[in-house]
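Here the structure is laid out as structure tokens; the discussion comes afterwards.
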Amino acid sequence: IEQPTFPKITEMCVKMIRRVNDEEGIKKLVNETFQKLWFTPTPHHDKEAMTRKILNITDVVAACRDTGYDWFEQLLQNLLKSEEDASYKPVKKACTQLVDNLVEHILKYEESLSDSDNKGVNSGRLVACITTLFLFSKIRPQLMVKHAMTMQPYLTTKCSTQNDFMVICNVAKILELVVPLMEHPSETFLATIEEDLMKLIIKYGMTVVQHCVSCLGAVVNKVTQNYKFVWACFNRYYGALSKLKNQHQEDPNSTILTANKPALLRSLFTVGALCRHFDFDQEDFKGNSKVNIKDKVLELLMYFTKHSDEEVQTKAIIGLGFAFIQHPSLMFEQEVKTLYNSILSDKNCSVNLKIQVLKNLQTYLQEEDTRMQQADRDWKKVAKQEDLKEMGDISSGMSSSIMQLYLKQVLEAFFHNQSSVRHFALNVIALTLNQGLIHPVQCVPYLIAMGTDPEPSMRNKADQQLVEIDKKYAGFIHMKAVAGMKMSYQVQQAINTCPKDPVRGFRHDESSSALCSHLYSMIRGNRQHRRAFLISLLNLFDDTAKTEVNMLLYIADNLACFPYQTQEEPLFIMHHIDITLSVSGSNLLQSFKESMVKDKKKPSSGEETESDSNSGSGSESEEEASKPRRLRKRVDSDSDSDEENDINAVMKCLPENSAPLIEFANVSQGILLLLMLKQHLKNLCGFSDSKIQKYSPSESAKVYDKAINRKTGVHFHPKQTLDFLRSDMANSKITEEVKRSIVKQYLD
């Protein structure tokens with residue numbers, strides 16, 4: 001068999017490896033496949049096989065550059081964990097071989113970069129190799145300890161392309177993990193790293209600054225304790241910020257400030273980044289000074305959040321987010337609460353600022369999670385007899401209190417028309433729930449709503465959260481299901497790009513599936529819950545519920561397209577539609593008749609005046625018109641002519657005041673939708689009238705347990721309601737044409 005080309009293998013590997021978190025059977029298969037493919041030791045003499053393996057791994061890593069590397073970490077952790085207690089550790093041996101050979105390949109690519117023809121290819125390969133080394137370092141940093149000195153010179157890479165920046169960032173991330181594990185590293189080596197990092201912090205942009213400050217934090221805090229070096233850097237940027245603040249206070253329109261904007265942006269970001277990794281209130285930094293540095297930094301950054309330039313505001317908020325990771329208690333400050341909550345809840349506030357506040361909360365929760373996991377691991381190693389739970393509770397108690405402050409505003413961000421805002425809001429909620437910081441019941445309706453998002457990744461994430469909640473707290477989903485559907489309608493309203501078009505409740509693709517189909521599939525397994533849910537939805541169509549027409553259309557769409565599996569499900573709905581129609585429908589027709597009678601001042605029995613006797617024919621025609629069509633006297637055999645006569649007869653009896661007409665048109669939409677829904681389900685499932693009539697909800701479940709035989713090409717299209725919404729009849733001026741259409745609706 002001809003061996004497939006590298007791109008083909010890469011594509012197959014990428015597809016397989018993304019299933020690493022699937023159900024146990026698939027997970028086991030993925031682990032076994034990649035253990036054989038990548039993580040089995042290679043004989044030392046077989047250089048060709050080793051090169052093939054290196055090229056394959058780095059190709060897959062390069063292909064996943066935009067989608068993230070969680071899969072690699074998960075795979076490596078799974079494999080290393082599986083052999084923890086074994087005496088022979090082939091995966092560990094294979095990892096050592098791979099890391100050593102990756103470093104060799106990096107040196108080769110470095111040499112070949114001088115060959116201008118291959119520069120682009122080799123530069124890309126160099127980045128992929130260094131990224132792969134970083135991924136190994138993240139899971140097993142010990143593997144890279146002997147290569148740390150080889151990696152350090154890459155911090156001085158001259159940056160001219162995106163690849164060059166990626167090399168520097170990944171090398172900084174590797175050194176951050178590896179240098180603290182080195183035994184007695186030379187002072188020259190450490191001093192060189194510190195100086196290289198400082199040069200990069202002063203010279204380059206945000207991403208480089210962020211990774212280099214993080215690396216400097218690990219080197220100084222854990223190894224060199226060279227606090228004066230960092231304190232000097234902090235004072236340089238803090239001093240520049242103070243000076244710029246004073247200038248702005250004196251003259252906000254000063255041209256000096258415009259010229260100094262790049263310096264201002266850099267200072268805001270760098271001061272925040274340094275505060276994230278160093279606690280400058282320690283004596284090691286500020287000596288005997290009584291000044292509270294964190295409060296001073298907060299005051300400075302808060303000042304610039306009120307700046308007129310959005311770019312300055314954004315950088316100030318980024319700086320605050322960094323500072324809050326070191327000092328979470330600052331998030332309880334009233335001015336911070338006001339800032340965050342006003343940005344999140346103000347509909348007119350810039351999208352960039354909203355996203356940045358959500359990113360700040362996300363990063364804080366991610367850091368807190370990492371910190372707690374690390375503390376957990378450290379304590380397990382050091383003292384098994386200590387009370388681990390108590391230690392965790394102090395930190396999670398702080399996170400929980402913080403998230404309670406901002407939870408409502410973060411959840412409300414789900415109703416934003418920009419998908420990026422919804423994306424970060426969902427990330428924050430997922431992290432909050434995964435860490436158990438809040439009671440999940442308050443999030444359930446919002447997660448149901450996010451399960452209808454147009455973007456599959458967000459839908460899946462929201463659905464996954466619901467599945468997790470359902471496992472731990474049975475009944476929560478059912479309890480909040482109707483509230484969730486109403487909220488999902490609000491989400492769809494928010495993202496509806498064409499306000500004139502009614503919001504629909506199914507996907508506009510080949511599947512035409514209900515937007516809330518995942519919710520229904522979670523509830524349908526429990527007969528009692530399913531029935532209660534369906535009745536609650538049908539009750540919204542009652543004229544006393546006063547539900548807006550578009551929401552009724554949205555719910556009817558969902559009811560029409562839910563993934564029903566047994567005959568019992570649609571039959572139950574049709575049965576309850578009949579009950580609702582017999583009550584609400586009759587009431588509605590009666591109220592319409594009464595509005596005609598009352599406004600025409602029909603005489604009460606025993607009274608008759610001259611004018612009354614003249615109007616007798618009108619009353620007669622009105623009574624005639626108010627009868628159902630099938631009971632009326634036929635004037636003409638032609639049905640169109642009949643309909644026209646019927647319309648004219650009722651038109652004569654309409655009241656002067658048109659308010660009851662509009663009220664009727666509005667309220668009757670619910671009845672019409674139920675009629676259409678019943679007809680749709682009948683067509684979809686191929687039920688006969690007698691089957692529908694014979695159905696009784698009290699009968700044994702087994703009787704109607706047969707699977708549905710769905711007809712293809714049956715679509716739910718309630719034309720009258722769509723026309724009503726598109727023409728905005730509820731707010732229309734009453735013309736003869738509108739009156740005629742309402743009368744036709746009544747007769748129908």
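We use all heavy atoms of the structure for the numbers below, so side chains are in, but hydrogens, waters and symmetry mates are not. In this text the structure is predicted, and so the values were computed from the model without any measurement.
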For this session: Determine which pairs satisfy ring-ring contact (aromatic ring centres under 6.0 Å, His included) with at least one residue from residues 126-176, sequence neighbours left out, and list them in order.
Result: Phe72-Phe136, Phe165-Tyr204
Seminar exercise, completed: So CG of Leu107 and SG of Cys129: to nearest 0.5 Å the spacing works out to 10.0 Å
Problem set entry | Heavy-atom closest contact (Thr157 atom, Ile168 atom, distance) | O-CD1, 3.7 Å
Problem set entry | side chain to side chain contact (heavy atoms under 4.5 Å, CB included) between Lys158 and Asp164, intermediate numbers included | CA-CA 7 Å; Lys158 284 192 171 62; Asp164 298 334; over 6 Å; no
Exercise. Under 4.5 Å between any side-chain heavy atoms of Leu447 and Leu426, yes or no?
Worked result: yes
For this session: Describe, in one word, how the ring planes of His508 and Phe506 are oriented to each other, choosing from parallel (under 30°), tilted (30 to 60°) and perpendicular (over 60°).
Result: tilted
For this session: Verify the neighbour count for atom NZ of Lys92: are there more than 12 heavy atoms of other residues, nucleotides or ligands below 6.0 Å?
Result: no
For this session: For Asp279 and His327, run side chain to side chain contact (heavy atoms under 4.5 Å, CB included): C-alpha distance rounded to whole Å, both residues' side-chain angles, the deciding distance at 0.1 Å, then the answer.
Result: CA-CA 9 Å; Asp279 182 0; His327 303 288; 3.4 Å; yes
For this session: Could you give me the CA-CA distance, side-chain angles and deciding distance for Thr363 and Phe324, then say whether side chain to side chain contact (heavy atoms under 4.5 Å, CB included) is met?
Result: CA-CA 10 Å; Thr363 311; Phe324 296 158; over 6 Å; no
Exercise. Could you walk me through whether Asn360 and Gln356 pass the side-chain hydrogen bond (donor to acceptor under 3.5 Å, both in side chains) check?
Worked result: CA-CA 6 Å; Asn360 282 4; Gln356 195 50 58; 3.1 Å; yes
Exercise. Shortest non-hydrogen contact from Pro180 to Leu175?
Worked result: CD-O, 3.9 Å
For this session: State whether a side-chain donor-acceptor pair under 3.5 Å links Lys359 with Asn427.
Result: no
Exercise. Is atom CD of Glu48 surrounded by more than 12 heavy atoms (other residues, nucleotides or ligands) closer than 6.0 Å?
Worked result: no
Exercise. Should Cys159 and Val208 count as side-chain neighbours, where that means a heavy-atom distance under 4.5 Å?
Worked result: no
Seminar exercise, completed: Distance col, row Leu126:CG vs Ile130:CD1, nearest 0.5 angstrom, shows 4.0 Å
Exercise. How far apart are the closest heavy atoms of Asp453 and Met458, and which atoms are they?
Worked result: OD1-CE, 3.6 Å
For this session: Answer whether the closest heavy-atom distance between the side chains of Gln465 and Ile429 falls below 4.5 Å.
Result: no
Problem set entry | Minimum-distance pair of heavy atoms, taken over all atoms of Ala462 and Gly451 | CB-N, 3.8 Å
Exercise. Is there side-chain contact between Leu98 and Phe39, with heavy atoms separated by less than 4.5 Å?
Worked result: yes
Problem set entry | Residue pair Tyr227 / Val220, side-chain heavy-atom distance below 4.5 Å | yes
Problem set entry | Contact check, side chains of Arg125 and His105, non-hydrogen atoms, under 4.5 Å | no
Seminar exercise, completed: His44 meets the ring pair (Phe, Tyr, Trp, His ring centres under 6.0 Å) criterion, sequence neighbours left out, with none
Exercise. Just wondering, do Leu76 and Leu135 contact through their side chains at under 4.5 Å, heavy atoms?
Worked result: no
For this session: Calculate, to the nearest 0.5 Å, the distance between atoms CG and CG belonging to Leu75 and Asp70 respectively.
Result: 12.5 Å
Exercise. Can you tell me if Asn170 and Thr131 form a side-chain donor-acceptor pair at under 3.5 Å?
Worked result: yes
Problem set entry | Residue Lys93 excluded, over 12 heavy atoms near NZ under 6.0 Å | no
Exercise. Going through the checks in order, is the ring-ring contact (aromatic ring centres under 6.0 Å, His included) test met by Phe476 and His439?
Worked result: CA-CA 11 Å; Phe476 270 20; His439 198 291; 5.5 Å; yes
Problem set entry | Taking every non-hydrogen atom, the tightest pair across Ala425 and Leu358 | N-CD1, 3.8 Å
For this session: Give the minimum heavy-atom separation between Met16 and Val30, together with the two atoms involved.
Result: O-CG2, 3.6 Å
Exercise. Hey, are Lys81 and Glu84 close enough for a salt bridge, meaning a charged N less than 4.0 Å from a carboxylate O?
Worked result: no
Seminar exercise, completed: Separation between CZ (Arg507) and CZ (Arg459), nearest 0.5 Å, reads 4.0 Å
For this session: For Phe414, enumerate each residue passing the ring pair (Phe, Tyr, Trp, His ring centres under 6.0 Å) test, keeping only those at least two apart in sequence or located in another chain.
Result: none
For this session: Decide, yes or no, whether a salt bridge links Glu32 with Lys36 under the criterion of side-chain N to carboxylate O below 4.0 Å.
Result: no
Exercise. Does the side chain to side chain contact (heavy atoms under 4.5 Å, CB included) test come out yes or no for Leu519 and Asp463, once each step is laid out?
Worked result: CA-CA 8 Å; Leu519 169 68; Asp463 290 348; over 6 Å; no
Exercise. When you look at Thr224 and Glu194, which way does the side-chain hydrogen bond (donor to acceptor under 3.5 Å, both in side chains) test go after all the steps?
Worked result: CA-CA 9 Å; Thr224 66; Glu194 286 179 341; 2.6 Å; yes
Problem set entry | Between CG on residue Asp196 and CD1 on residue Ile201, distance to nearest 0.5 Å | 11.0 Å
Exercise. Salt bridge or not for Glu104 and Lys108, using N-O below 4.0 Å?
Worked result: no
For this session: Compute the ring centroids of His518 and Tyr520, then answer whether they are less than 6.0 Å apart.
Result: no
Exercise. Looking at side-chain heavy atoms only, is the closest gap between Thr161 and Met166 below 4.5 Å?
Worked result: no
Exercise. With a 4.0 Å cut-off, would you call Glu468 and Lys471 a salt bridge?
Worked result: yes
Problem set entry | Note: Arg422-Glu455 ion pair, threshold 4.0 Å (strictly below) | no
